[in-house]
Every structure is written in C-alpha cells, then in structure tokens.
Amino acid sequence: MKKLHIVGNWKMSLNKQDSIDLANKIKSISKKEYLNIEVAPTSLYVDHIVKILEESDVNVISQNFDYENLGSYTGGVCLDQLKEIGITKTILGHSERRSKFNESDDQVNKKLETVLNSELDVIFCFDSYEQVPFELIKNNLKNNDNLKLILAYEPTWAIGTGETASIDHIEEIHTKVKNTLTECSLENIPILYGGSVNPSNSREILSSANVDGVLVGGASTKFDQLLGIVNSI
Ligand code: PGA
C-alpha cells in the first residue's frame with residue numbers, strides 16, 4: 001500500500017485547554033505502517049503540543065511562517081524559531097491565508113522558495129492548477145526523497161462548507177498536476193486533497209489513485225472524527 005498522509009489543521013479553532021485535551025487523546029493513536037499522521041495547532045500553543053506529542057506517533061507541524069529571518073518583524077514567526085522548538089514541517093499558502101490575510105500568490109511563492117531552501121519541509125496548498133508554481137519548484141527542489149515538498153489541492157468552495165469535491169473532480173485536478181510534475185521529473189511529490197473531509201468520505205478519497213492523503217480542518221479538531229478518518233483506511 002502506498003504511503004498516505006493525514007494532516008489535521010486546527011486553524012484558530014481551539015483554545016489552549018481544548019488543544020491540550022485533544023493532543024492528550026491523540027497521543028493514543030498508534031501509527032499504521034502506511035500512514036503518516038500530523039497535526040498543526042495554533043502557533044501560540046505549538047511548543048506545548050510538541051511536548052505532549054513528543055513520544056507519540058503523531059508529528060506536530062506549523063500552520064504558517066513569515067518570510068523573514070530573525071529580526072524586527074513585529075508579530076512574525078520565522079522558520080528558525082519553529083526549528084528551535086522541534087518543528088520540521090509547515091503548511092504554506094492555505095486559502096485562508098491568501099483570502100483572509102491577503103497573502104498574494106507572489107508572497108506565498110517567495111515563501112515557498114525560502115522554505116524549499118531551508119531545513120524545514122512544506123505542505124503547499126493550492127486551489128487551482130494555475131496556482132502551482134511548477135517552474136519555481138523545479139528550480140528550488142534539490143531532492144524530494146525525504147518528502148521535502150507535499151502539495152495539497154484545496155478548492156476554496158469545499159473548505160469548511162460540508163461540500164466535498166467529487167472523486168471525479170479530485171482525480172481530474174490531481175492527475176493534471178501529477179502529469180506536469182512528471183514532465184518536470186518531480187513525480188514523487190505527493191498530492192493531498194483538502195475540503196470537508198470527514199470519516200464518511202475519507203475512505204473513498206484516500207483510495208483514489210492520485211490522492212496521497214488528506215488535509216483536514218474541522219473534523220481534525222474532534223478526536224472521534226480524526227480517529228474515524230485514521231481508521232477508515
Ligand atoms: P475543512 O478544512 O476540512 O474544515 O473543510 C480543510 C482545510 O482548510 O484544510
């Protein structure tokens with residue numbers, strides 16, 4: 001069975017105690033050989049959640065980072081700071097960062113270039129084929145053997161709406177992206193799907209030929225649902 005990724009994006013949905021309670025329950029999830037399970041807590045609590053899940057089979061990642069390095073950037077969080085607390089991977093370019101925090105495609109792509117040349121791995125979100133910067137990836141990804149880069153197709157209309165994309169639609173976009181990646185000799189880059197994934201639809205999505213995992217928002221903040229997704233495959 002191919003390696004599948006289940007990534008929980010907690011967004012800004014949980015307060016501190018709820019994040020800690022959820023992490024303590026998640027500790028009990030034991031990894032299946034073919035599954036890589038990760039959660040992305042609110043940055044304020046990342047350090048704490050890393051410690052809770054230290055001995056577990058679940059990896060803690062970041063939801064975002066700021067472009068700059070250590071310096072005078074009020075409110076920012078940079079890759080070096082994330083690395084210092086044990087974070088080895090970050091999400092980038094989530095549609096909420098693009099639409100609600102006004103991160104432009106140019107800014108997101110500049111950050112992609114930065115992270116591809118750093119020690120951290122990245123999950124790059126896109127909501128259309130056109131948003132994937134293939135040339136930039138080709139020029140900056142030295143070696144993808146260690147899953148340095150994962151792509152995540154997240155149609156904006158499916159995020160948090162309960163309207164999951166059809167399998168045909170997911171396959172169409174994933175195949176198109178995969179074909180271009182293959183032309184660039186980057187066929188090993190996994191492609192996740194995100195948008196209203198839940199325990200009832202996760203098996204079908206995760207079983208699709210060109211889907212390498214799921215990026216889950218709302219359902220990942222409820223332990224039973226997250227467990228349901230993990231156990232669906
Ligand atoms: P959702 O969010 O599962 O709540 O639709 C997905 C995401 O934003 O990554």
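Please read all numbers here as calculations on a predicted model, not as lab measurements. Just follow the structure's listing: the first ligand is 1, and inside any ligand the first atom is 1.
The nearest pair of heavy atoms linking S207 to R203 is OG-O, 2.5 Å. Across all non-hydrogen atoms, the minimal contact from V115 to K148 is O-NZ, 3.3 Å.
Every residue two or more places apart in sequence or in another chain was checked for a salt bridge (charged side-chain N to carboxylate O under 4.0 Å, His left out) with D21, and none qualifies. The salt bridge (charged side-chain N to carboxylate O under 4.0 Å, His left out) test applied to D105 returns R98, not counting sequence neighbours.
The shortest N or O to N or O distance between T161 and ligand 1 is not below 3.5 Å. Not one N or O of E96 is nearer than 3.5 Å to an N or O of ligand 1, by distance alone.
Within the structure, the closest approach of A158 to ligand 1 falls below 4.0 Å when heavy atoms are considered.
Those atoms of ligand 1 that come under 4.0 Å of a heavy atom in K11, given as number and element, are 2 (O), 7 (C), 8 (O). The distance from ligand 1 to the heavy atoms of G218 drops below 4.0 Å at these ligand atoms: 1 (P), 3 (O), 4 (O). Interface atoms of ligand 1 facing E154, defined by a heavy-atom separation under 4.0 Å, are 6 (C), 7 (C), 8 (O), 9 (O). Counting the atoms of ligand 1 from 1 in the order shown, those under 4.0 Å from a heavy atom of G195 are 5 (O). When each atom of ligand 1 is checked for a heavy atom of H94 under 4.0 Å away, the hits are 7 (C), 8 (O), 9 (O). Listed by number with element, the atoms of ligand 1 under 4.0 Å from a non-hydrogen atom of G160 are 1 (P), 4 (O), 5 (O).
Using a 4.5 Å cut-off on side-chain heavy atoms (C-beta onward), E38 and K89 make contact. Taking the side chain as every heavy atom from C-beta outward, T221 and L226 never approach each other to under 4.5 Å.
Side-chain N/O atoms of T180 and Y129 include a donor and acceptor closer than 3.5 Å.
Nearest-heavy-atom check against atom 6 (C) of ligand 1 across G217, S95, S13 picks out G217.
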